[in-house]
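Notes follow the structure.
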Amino acid sequence: MPTVIFRSPDGTAHQVTAASGTVLMQAALAHGVPGIVAECGGNASCATCHVYIDPAQTGPVGPPNDVEDEMLDFTAAERRPTSRLSCQIRLSDTLDGLVVHLPEEQV
Amino acid sequence: MSAGVVIVGGGQAGFGVASTLRACGYDGPVTVFGSEPHLPYQRPPLSKKAHTGPDDLQVSLVPETFYRERDIDLRLDEEVVSLDRAARTVTARSGARVPYTHLVLATGARNRPLTVPGADLDGVHAVRSLDDALAVGRALATAGDVVVVGGGFIGLELARVALAGGARVTVVELADRLLGRALSPALEPRLRERHERFGVRFLTGTAVRALEGPGRVERVVTSAGVLPADLVVYGIGAAPREELARDAGLAVADGVLVDELLRSVSDPWISAVGDCARGPHPHAAGPVRLESVQNATDQGALVGRRIAGREPEPYASLPWFWSDQGDVKLQIAGLRAPSDEVRLTAGDSPERLAAYAFRDGLLVAVETLNWPAEHLAARRLLAHGTPVTAADLAGTTLGALARARRATEVRT
C-alpha cells in the first residue's frame, strides 16, 4: 500500500497510507487532511483539490490531462509547473513515498 | 451540561458549521444531530452512477476519527423533534435535551412526493439518501424499462445512469422543456439533443396520471400513452425541512427566513444554512433559497466563523452548480434571471458550448456544457466583480479574458 505525505504551507506533514488504485483526493479526505476541499467530489469540475507535486516526483506522477490542464489556469492559488488536481491522480505502488505540497488557498 | 453550539442536520452544511467552528478555535461544546445512521456524506455522487453496495460509495465527507479528534459530539440516527427558544434547548426523539448558546438549523430539504395513484408500489424510488441510492442501484441491475419522472438535474443524471446500465429510458416531464428555469431556453435544446443521441427518449409537456402493477410497478400511465416500466425513479423538486423552525415560531416562507448574516429574522441566536435557508443575496433581486453544495459549504463556513468570534460577514458567495449527465458536464456560474439576455457561443471543440447571460449589458451568469475551464474562468471573473460586456466577449472566451487579467495582475 502506497504512502503519501501531504505538506501544509505551514510545514505540517500528514502521512496517509491508502490502497493502490485509490484516488489521491479521496485518500486525503478519508484521513481528514486539511487543505483539500474537493467541493465537486472528484469530478474535475471545481479545481478545489489543487496540489503541487514534489518537483523530484513529477516524472512518475505524469502530466495533467487536457481538461485538467486548462482548469489549472484558474485555481485559487498560483499555478506552478508542478500543479495537478488530486482528483485526477490514482495511487499505485510506483508512487509509494509521494510528497505533495498543499497550496495556500483552494476557493 | 454546559451549553454550546447545537447543529440540527448532518449534511454538507451542518458538517461545514461544525468543522469550521473547530478550525477557528471555538472550544465550547459542539453537537451535531443527523437524522440518518450514516456519517455525514456527499450527496452529489448518489445520482451520478449506479451504486450497488456501500463499498463502492466512498462518500463520507471525513472519517469518524475526524469528529472524535475535534471533540464534535455527532449524534447519528437521532432527529431533533422540538425547539424551546425561551429555554434555549432542543429535544431529540430519544428524549435527550441539549441546551444551546447558538442553534444552527441545517435541516436540508426533502423530495417533493409523487402523488399519483400507485406511487407507493414497489419499484418506485426517489434518490436523496445513501439508502435510496443503494436501492436504485440494486433495482437498476435487472431493470429493462426505466421511466424517469422529472427532467431536472437529478432526473437527467439518473436517466444517463440507467442508460449506461443497459436499460431503455424514457424521461417524462410536465413542462415543455427540461430543467425548467435552471437552464436558459437557448441551451436546453442542445442538451436534450445530446441525450437523445445516446438513446434517452423524452416526453415533455406530458403528465404522469398513474403507476400500475400487481404490487410492483409495471406500467406508467401518462397523458401521452402507457409506458412499460420495471423501475420508476422520480425527481420532481424538493421542499425545505422547516417544520422545527415553524413550530418554534420562527418566520418561514419556503425556507427559514434569514438576514444577510444568515441569522433567523425572528431570533438572533438561531441561524439557518444550506437547502433550508432563504435569505438575501447580492446577485438576486429578492430572498433566495439555493440547493447546492457550494451554497451549503459556504454558508456553513460563514456561520461557523461568525459563531467562533470572527468579524461577521454578509453572505455574498458566487452561486455555482454542476450536474454530470453521462458524457455531458453541465456547469452554471452565477444566477440568471428569466429577463436576462443570453448569447450562445460554441467552444473550440464540437461538444463545448457556453451560454452567457447579460443584464443591463453586463455578464451575470454563464452556463457551460463540457467546458470546465470556461466555467472556472466565469467563476473567477464574476466572483471578483470584474465587469464583462458582450463587446468584451466578441470573438474571444472568458478563459482568454481571465488569463489576460491574471497576467496583468502578476505584472503589477
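Sequence lines set the chain letters: A, B, ... in the order given, protein chains first and strands last, and positions in each chain run from 1. Because only heavy atoms are used, hydrogens play no part in the values below, and waters and symmetry mates are left out as well, while side chains stay in.
- Per-residue heavy-atom pair counts under 4.5 Å with chain A were compared for B/V62, B/D324, B/T297, and the maximum is reached by B/D324.
- Comparing A/T75, A/V33, A/T48 by heavy-atom pairs within less than 4.5 Å of chain B, the highest count is held by A/T75.
- In plain terms, the two heavy atoms of A/M71 and B/P372 that are nearest each other are SD-CB, 3.6 Å.
- Summarising the geometry of B/A402 relative to A/F74, their closest heavy-atom pair is CB-CE2, 3.5 Å, with the distance given to 0.1 Å.
- Within 6.0 Å of atom CG in B/D348, more than 12 heavy atoms from other residues, nucleotides or ligands are found, so the atom counts as buried in its surroundings.
- Neither the backbone nor the side chain of B/R43 comes within contact range of chain A; no heavy atoms are under 4.5 Å apart.
- For chain A, the nearby part of B/D298 is the side chain; its heavy atoms alone come within less than 4.5 Å.
- Nearest heavy-atom pair across B/R403 and A/E70 is NH2-O, 3.9 Å.
- At most 12 heavy atoms of other shown residues, nucleotides or ligands fall within 6.0 angstrom of atom CD in A/E104.
- Of the two parts of B/P63, the backbone and the side chain both hold a non-hydrogen atom closer than 4.5 Å to a non-hydrogen atom of chain A.
- Between chain B and the residues A/L72, A/L29, A/D73, the most heavy-atom pairs under 4.5 angstrom are made by A/D73.
- Within 6.0 Å of atom CG in B/D27, 12 or fewer heavy atoms from other residues, nucleotides or ligands are found, so the atom counts as exposed in its surroundings.
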(request) Determine, stepwise, if the pair B/R379 / A/C46 fulfils side-chain contact (heavy atoms from CB on, under 4.5 Å). (result) CA-CA 10 Å; B/R379 276 170 48 188; A/C46 71; 4.1 Å; yes
